[in-house]
Amino acid sequence: AQTVTQSQPEMSVQEAETVTLSCTYDTSENNYYLFWYKQPPSRQMILVIRQEAYKQQNATENRFSVNFQKAAKSFSLKISDSQLGDTAMYFCAFMKHVGSRYSGAGSYQLTFGKGTKLSVIP
Amino acid sequence: DTGVSQDPRHKITKRGQNVTFRCDPISEHNRLYWYRQTLGQGPEFLTYFQNEAQLEKSRLLSDRFSAERPKGSFSTLEIQRTEQGDSAMYLCASSLGPARYEQYFGPGTRLTVT
């Protein structure tokens with residue numbers, strides 16, 4: 001079974017500064033996907049960024065980037081130029097893939113960490 | 001693209017009653033997922049549909065829980081004889097598949113069992 005660990009229950013950052021959220025995972029799989037989701041207070045879960053394990057290049061989406069270290073099973077999220085709207089719970093998630101990427105077969109459930117509550121301070 | 005919608009957004013029920021939640025996925029998404037999220041935790045997988053077929057169920061899904069997706073579009077999750085431990089946020093997500101695996105979540109249904 002896969003496990004995802006987020007060791008920082010809460011973090012805070014000054015507006016416009018940079019913050020890094022940590023995530024480690026445990027798996028025996030070789031093919032898998034990793035995600036960061038954002039859940040603002042009383043609002044729905046939003047996909048922030050994704051990373052395929054077979055890609056060595058770290059994913060980037062505007063102010064959000066990841067540091068994916070496959071051997072260390074680490075997947076941290078860096079938020080640059082933090083904005084007040086970044087205040088939210090951030091969840092790291094793991095998805096294993098079984099079968100062909102194009103066959104449609106396999107398991108697609110997400111395994112989530114417990115989350116990190118990020119507060120951006122004006 | 002109107003996003004994933006869920007109904008109702010909030011449900012308060014007495015212990016022992018049955019409840020049913022509905023999820024409408026993003027149109028043309030053939031995969032639909034149910035998760036449960038309790039306070040202070042990340043979502044936990046419950047079950048997954050590809051079109052109308054229920055392909056995977058978690059052991060968290062006790063016999064009191066049943067999910068359907070009769071025409072491969074919307075889905076319902078029913079909880080029979082609710083217990084206080086069922087109080088949680090029930091989240092629905094959908095994905096396009098097969099090579100588009102990103103899951104997009106709805107706003108959730110918050111269930112409170114008194």
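Order of the sequence lines fixes the chain letters, A, B, ..., with proteins taken first and strands second; residue numbering starts at 1 for each chain.
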query = Under a 4.5 Å heavy-atom cut-off, does chain A meet the side chain of B:L46, its backbone, both or neither?
reply =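 No part of B:L46 comes within 4.5 Å of chain A.
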key: Under 4.5 Å from a heavy atom of chain A, the part of B:E44 involved   =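 Contact with chain A: none, neither part.
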So does [X] have more than 12 non-hydrogen atoms from other groups sitting under 6.0 Å from [atom1]?
{"X": "A:L84", "atom1": "CG", "result": "yes"}
{"X": "A:K114", "atom1": "NZ", "result": "no"}
{"X": "A:Q83", "atom1": "CD", "result": "yes"}
{"X": "A:I46", "atom1": "CD1", "result": "yes"}

ask   = For the residue pair B:P43 and A:F112, what are the closest heavy atoms and their distance?
value =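 In terms of heavy atoms, the two residues are closest at O-CD1, 3.3 Å.
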message = Give me the atom names and distance for the closest heavy-atom approach of B:F105 to A:Q44.
response =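 For B:F105 versus A:Q44, the nearest heavy atoms are O-NE2, 2.8 Å.
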request  = Determine the interplanar angle of the A:F35 and B:Y101 rings, folded into 0 to 90°, and report it as parallel if under 30°, tilted if 30 to 60°, perpendicular if over 60°.
outcome  =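 Perpendicular.
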task = Select one option (side chain, backbone, both, neither) describing which atoms of A:L47 are under 4.5 Å from chain B's heavy atoms.
result =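 When you check distances to chain B, only side chain atoms of A:L47 fall under 4.5 Å.
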message = Can you tell me which portion of A:Q39 sits under 4.5 Å from chain B's heavy atoms? Options are side chain, backbone, both or neither.
response =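 Contact with chain B is through the side chain of A:Q39 alone.
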Hydrophobic cluster membership, [X] vs [Y], 4.5 Å side-chain cutoff:
{"X": "B:L111", "Y": "B:L61", "result": "yes"}
{"X": "B:L55", "Y": "B:F45", "result": "yes"}
{"X": "A:M95", "Y": "A:Y90", "result": "no"}
{"X": "B:I12", "Y": "B:L77", "result": "no"}

Can you tell me how far the [atom1] atom of [X] sits from the [atom2] atom of [Y], to the nearest 0.5 Å?
{"X": "A:Y108", "Y": "B:Q103", "atom1": "OH", "atom2": "CD", "answer": "10.5 Å"}
{"X": "A:L110", "Y": "B:E102", "atom1": "CG", "atom2": "CD", "answer": "10.5 Å"}
{"X": "A:S42", "Y": "B:R110", "atom1": "OG", "atom2": "CZ", "answer": "8.0 Å"}

query = Do B:Y35 and A:M45 have side chains that get closer than 4.5 Å, going by heavy atoms?
reply =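 No, every pair of side-chain atoms sits at 4.5 Å or beyond.
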